[in-house]
Amino acid sequence: MRSHLTRLVFRHMLANQPIIHRDCLHRASRIRPVRQHVAPTYPFQRRSIFGFSRKPERRMKSADIAPGFEKMAELGKMLYLGARPPPPSEVAAAFRDFMRYKRKRKEPLEDIQTASVLKAFNYLKTARQGNEVGKEGEPHLSFGDLLLARDAVTSLPLPIPKDRLGAHKNLARALYAEIVARRKLIPLPAQHLDDDVWPLAIVLCNAGESLEAWQTVEGLQKDVTQSSPAKAFSGRNGESTVLTHRTMNTLLGGFAREGNEEEFLRIIRLMEAHSDLTSSGYYVVAVHFYAHRDDFENTKLWYDRIKNVRGLTRMSDVYEVVVDFCLRNNHIEWGQSIIRTTIERKPKKSSMDIILEWAAGTGKGVEEIDRMINVMERETSGDIRADVVTINRLVKFAISRKNSYLAERYIALGEKRGIRPNATTYLMQMDYRLSVGDLDGARAAHGKLQAEEILNNEDIPLTNRLIRAMVSSKRYDIDVIMAIVEDLNARKTRFEPATVSALSLLHIQRDELIDVIDLLQTHAYHYSSEARGLVREVFINYCLDHNNSVSKAWDTYTIISQFFDESDREDRTKIMESFFARRRADMAVHIFNGMRQHARADTRPTVDTYISCLSGIAQTADEEALEQVHNQLRVDFRIEPSTRLNNALMLAYNACGDPSQSLSFWESIVRSREGPTYESIHIAFHACERAPFGERTARKIWSRLRRMEVEIDSSMWASYLASLVGSGDYETMAECMQTVEGLKAEAGFKPDSFILGSMFNATSGKGKQDEFEKWVREKYPDEWKELEKIGMVTGRYGARTFKIDRSVSP
């Protein structure tokens with residue numbers, strides 16, 4: 001009898017359909033459901049005019065930018081350039097669209113976006129719709145638009161950036177001031193006062209400005225009380241319309257994060273004084289505050305005040321904090337008294353979890369924990385049973401002790417007792433497995449996590465960590481990595497900056513430039529300036545790494561120039577110097593031109609940038625690049641000539657085989673008020689080595705140095721003698737030999753290998769070199785042996801050169 005399974009398999013293979021079985025353990029997570037009752041479509045061939053079918057051309061994704069942001073960014077650019085800004089009506093529409101988008105998605109405003117929004121807001125504040133003479137028009141932003149922006153700005157980026165929300169603070173202050181001014185013109189119920197000041201308090205407290213937030217709240221309450229005492233307490237049941245629970249708790253949390261104990265206690269005393277604010281909730285906050293500061297006396301004080309409060313719903317949180325505090329600070333005696341109190345009270349499930357955590361913290365093993373669970377369940381007749389929350393708490397404790405083996409044993413204990421892990425378990429399992437480098441185990445936990453329900457995207461940070469770890473390990477196939485990446489893409493989540501950096505470098509190494517562009521188009525425009533800086537730094541470091549090929553480095557630079565226009569002059573100069581070091585002057589000059597054409601003054605080249613570029617041209621001896629840069633220098637009115645700049649021009653022209661032009665800059669240096677430096681003199685002597693009649697110029701320079709009693713060291717003697725030997729004839733070389741022999745008497749030091757090597761390298765022609773070599777071997781055999789140890793290279797026409805460093809910086 002023919003097998004039905006075989007028939008099914010072959011039908012699916014012929015129809016190019018996946019084979020899925022409901023009991024398959026390794027089912028693909030993203031396979032679309034198969035339509036079983038549709039006629040199969042068989043593949044067929046298409047031939048082009050050349051006989052081969054082509055794949056459709058892949059199109060790059062468009063930039064994923066929040067609606068309205070481009071127009072506000074354009075406004076900022078126009079204001080910076082002093083150009084005509086966009087019409088106020090378009091800016092207002094962009095402001096409105098952007099704020100609607102942010103509030104709908106509950107997406108935080110990054111600092112770059114906030115700065116653009118603030119510029120747009122200030123611009124619209126001054127712009128009016130009316131054009132009638134003597135009549136002020138209506139504001140472009142309605143009161144509803146202000147409230148929309150007020151609510152959107154409270155969505156803060158996490159973690160809080162290092163600059164502590166500088167742009168957010170200014171925007172929140174500006175919005176609050178405008179709303180308060182409009183409130184005076186629009187009569188509204190008193191309870192709206194808290195709706196206005198609370199968002200400002202959220203931003204300021206998270207920005208480390210809790211004292212300013214409290215002063216604003218306090219000032220508003222005083223103003224309202226003085227103007228209308230009834231209005232100040234006209235909320236529900238006569239409560240305060242400004243000093244509400246949510247505002248005061250925001251202030252309390254802000255002072256707690258800043259460690260401002262004086263103001264923290266002041267807020268608590270104020271809450272105790274107002275009957276409508278009295279709540280045991282701030283006792284819980286106080287216990288957290290002092291426990292995290294490891295303050296035993298005050299933690300115990302506030303715990304004693306809270307333990308007798310009846311009906312407190314957050315008592316389990318207090319127990320958890322206090323037990324962790326006791327274990328961390330070795331207050332075993334006090335912790336045991338708390339555990340005894342917990343046992344003596346009517347047992348609860350949360351109490352059982354705390355007792356087990358305490359047992360684990362005091363050294364009880366997994367087997368003892370298992371026996372304790374049996375005892376507790378038996379004593380409560382099965383009313384209280386260990387569940388996945390119990391196991392997760394034990395796993396969390398093991399992770400806090402950085403003991404991944406113990407965490408695995410706790411999970412195994414739960415499975416032994418029939419407790420199935422949940423999403424939280426797998427998340428913690430991914431965490432500690434990644435921490436110890438167990439990538440296969442983390443992948444297995446991630447695979448199991450796909451079958452669990454995740455409500456608030458708690459898995460995204462760990463999935464990002466997993467992707468980065470797999471990329472950096474270089475042990476996994478690209479398809480395995482991209483399967484996890486595509487899962488995040490399907491959920492439309494934002495990748496972390498480090499993940500974007502790692503994936504981008506992976507694609508660059510595989511010559512998948514379109515994938516890099518798509519990745520940045522999707523995520524780069526939603527990052528803060530700090531996050532963008534992290535991604536940009538990775539690309540820059542890749543450019544500067546000479547282990548990477550020139551083509552890949554150039555592709556990386558094109559990405560930097562396209563997506564990170566904020567790259568400063570210093571970073572661009574480093575990349576330019578890197579391409580000069582790679583002997584690619586054409587690419588380096590292209591980067592230099594990009595700086596010259598940039599709209600921002602802080603990116604355009606300075607004198608130092610020109611000097612760096614000319615020094616690079618001197619390294620590569622690229623005549624075309626020199627002509628281009630020198631022409632640009634001539635018309636750049638922002639650049640003032642200096643000795644260092646002329647030194648760089650001398651170096652570049654000398655390296656490109658035009659020593660006469662190089663010496664013309666020496667004349668400019670001599671005539672300038674700044675005058676020459678030691679580097680100028682060395683470069684001029686180097687130019688004299690190959691210049692026509694360079695010997696005469698060298699002697700003039702030397703006589704001026706002696707006449708002005710300039711201090712001359714051995715390196716200056718080496719440059720001078722090399723210039724005479726290089727440009728002079730045999731008689732001049734003989735004269736130089738005599739000068740070297742009398743150097744001890746004239747200069748006070750003997751000729752060393754550097755002086756002799758410089759002179760040998762400057763000699764032109766095989767005959768002159770042979771004669772000079774013979775003389776050195778005879779007169780200075782030890783110095784010649786030192787030169788031979790350094791090594792020698794032979795040029796195209798037989799000229800020999802010792803590997804001594806005669807380079808001079810501008």
Side-chain angles (χ1 to χ4, degrees), residues 66 68-69 71-80 85-86 88-103 107-129 136-157 160-161 163-186 188 192-220 223 242 247 250-251 254 528-529:
F69 178 70
K71 181 61 67 176
M72 292 188 289
E74 179 189 350
L75 169 69
K77 183 177 181 180
M78 293 298 103
L79 293 176
Y80 176 81
S89 57
E90 294 182 8
V91 178
F95 183 95
R96 206 171 292 117
D97 292 342
F98 180 80
M99 289 303 177
R100 284 200 192 104
Y101 172 83
K102 287 293 183 179
R103 193 178 70 169
E107 188 176 283
L109 277 73
E110 300 295 346
D111 58 350
I112 297 176
Q113 298 172 335
T114 309
S116 295
V117 169
L118 182 59
K119 289 177 183 176
F121 177 75
N122 290 331
Y123 170 70
L124 293 172
K125 260 179 66 176
T126 58
R128 297 293 183 179
Q129 290 176 341
E136 187 180 24
E138 293 296 325
H140 285 275
L141 295 177
S142 67
F143 193 75
D145 296 335
L146 296 178
L147 299 183
L148 179 70
R150 178 200 69 186
D151 297 338
V153 79
T154 56
S155 296
L156 302 176
I160 301 297
D163 65 353
R164 299 306 296 267
L165 305 170
H168 289 75
K169 289 187 291 187
N170 295 332
L171 178 60
R173 290 172 183 141
L175 288 170
Y176 176 74
E178 184 69 14
I179 289 172
V180 169
R182 300 272 189 98
R183 287 276 190 215
K184 296 177 181 178
L185 305 176
I186 306 174
L188 289 170
H192 284 282
L193 295 173
D194 177 61
D195 293 337
D196 295 338
V197 76
W198 180 54
L200 176 65
I202 291 175
V203 177
L204 292 178
C205 288
N206 280 280
E209 302 287 351
S210 300
L211 187 58
E212 180 188 346
W214 163 238
Q215 291 170 349
T216 304
V217 172
E218 188 180 33
L220 179 61
D223 291 343
V242 179
T247 302
T250 299
L251 292 168
S528 66
S529 57

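Bear in mind that the values here come from a model prediction, so they are computed numbers and not experimental data.
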Engineer: Can you confirm whether Ile179 sits close enough to Phe143 that some side-chain heavy atom of one is under 4.5 Å from a side-chain heavy atom of the other?
Structural biologist: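 Counting from C-beta outward, Ile179 and Phe143 do come under 4.5 Å.
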
Engineer: Any side-chain heavy atom of Pro139 sitting closer than 4.5 Å to one from Arg182?
Structural biologist: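 A side-chain contact exists here, since the closest heavy-atom pair is under 4.5 Å.
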
Engineer: Is there side-chain contact between Arg150 and Asp195, with heavy atoms separated by less than 4.5 Å?
Structural biologist: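 Arg150 reaches Asp195 side chain to side chain.
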
Engineer: Hey, is Glu212 close enough to Lys169 for a salt bridge, meaning N to O under 4.0 Å?
Structural biologist: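 Salt bridge: no.
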
Engineer: Within this structure, what is the CE-CD distance for the pair Met72 and Glu90, rounded to the nearest 0.5 Å?
Structural biologist: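 Answer for the CE-CD pair, Met72 versus Glu90, is 13.0 Å.
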
Engineer: Are Leu146 and Phe121 packed together at the side-chain level, in the sense that at least one heavy-atom pair is separated by less than 4.5 angstrom?
Structural biologist: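 In short, these two side chains touch, coming nearer than 4.5 Å.
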
Engineer: What distance separates Leu171 CG from Gln113 CD, expressed to the nearest 0.5 Å?
Structural biologist: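 Result: 11.5 Å between the selected atoms.
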
Engineer: Is the closest side-chain heavy-atom distance between Ser155 and Lys102 below 4.5 Å?
Structural biologist: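 A side-chain contact is absent here, since even the closest heavy-atom pair is not under 4.5 Å.
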
Engineer: Are Leu204 and Tyr176 packed together at the side-chain level, in the sense that at least one heavy-atom pair is separated by less than 4.5 angstrom?
Structural biologist: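 No, their side chains stay 4.5 Å or more apart.
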
Engineer: Which atoms form the tightest heavy-atom contact between Ala213 and Ala201, and what is the distance?
Structural biologist: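 In terms of heavy atoms, the two residues are closest at CB-CA, 4.0 Å.
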
Engineer: Are any of the side-chain nitrogens in Glu74 or Lys77 under 4.0 Å away from the carboxylate oxygens of its partner?
Structural biologist: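 Not counted as a salt bridge, because no side-chain N and carboxylate O are separated by less than 4.0 Å.
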
Engineer: Which of these passes side chain to side chain contact (heavy atoms under 4.5 Å, CB included) with Ser528: Ile112, Asp111, Leu109?
Structural biologist: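 It is Asp111; the other options fail the test.
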
Engineer: First locate atom CG of Leu251, then atom SG of Cys205, and finally report the distance between them rounded to the nearest 0.5 Å.
Structural biologist: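 Reported value, rounded in 0.5 Å steps: 5.0 Å.
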
Engineer: Where is the tightest heavy-atom contact between Leu124 and Ala92, given as atom of each residue plus distance?
Structural biologist: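 Reported closest heavy-atom pair: CD1-CA, 3.7 Å.
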
Engineer: Measure the CD1-NE2 distance between Ile202 and His168 for me, rounded to the nearest 0.5 Å.
Structural biologist: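 Reported to 0.5 Å precision, the distance equals 12.5 Å.
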
Engineer: Do Arg173 and Thr216 pass the side chain to side chain contact (heavy atoms under 4.5 Å, CB included) test, and can you show the C-alpha distance, the side-chain angles, and the key distance before you say yes or no?
Structural biologist: CA-CA 10 Å; Arg173 290 172 183 141; Thr216 304; over 6 Å; no

Engineer: Quick check: closest heavy atoms across Ala120 and Leu75, and the distance to 0.1 Å?
Structural biologist: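 Ala120 and Leu75 have their closest heavy atoms at CA-CD2, 3.5 Å.
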
Engineer: Using 0.5 Å steps for rounding, measure from the NZ atom of Lys125 to the CG atom of Leu141.
Structural biologist: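 Rounded to the nearest 0.5 Å, the NZ-CG separation comes out at 11.0 Å.
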
Engineer: Of the non-hydrogen atoms in Thr154 and Pro199, which two are nearest, and what is the gap between them?
Structural biologist: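 Looking at all heavy atoms of both residues, the shortest contact is CG2-CB, 3.3 Å.
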
Engineer: From the options Arg96, Arg100, His140, select the one residue that forms a side-chain hydrogen bond (donor to acceptor under 3.5 Å, both in side chains) with Asp145.
Structural biologist: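 For Asp145, the side-chain hydrogen bond (donor to acceptor under 3.5 Å, both in side chains) check succeeds only for Arg96.
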
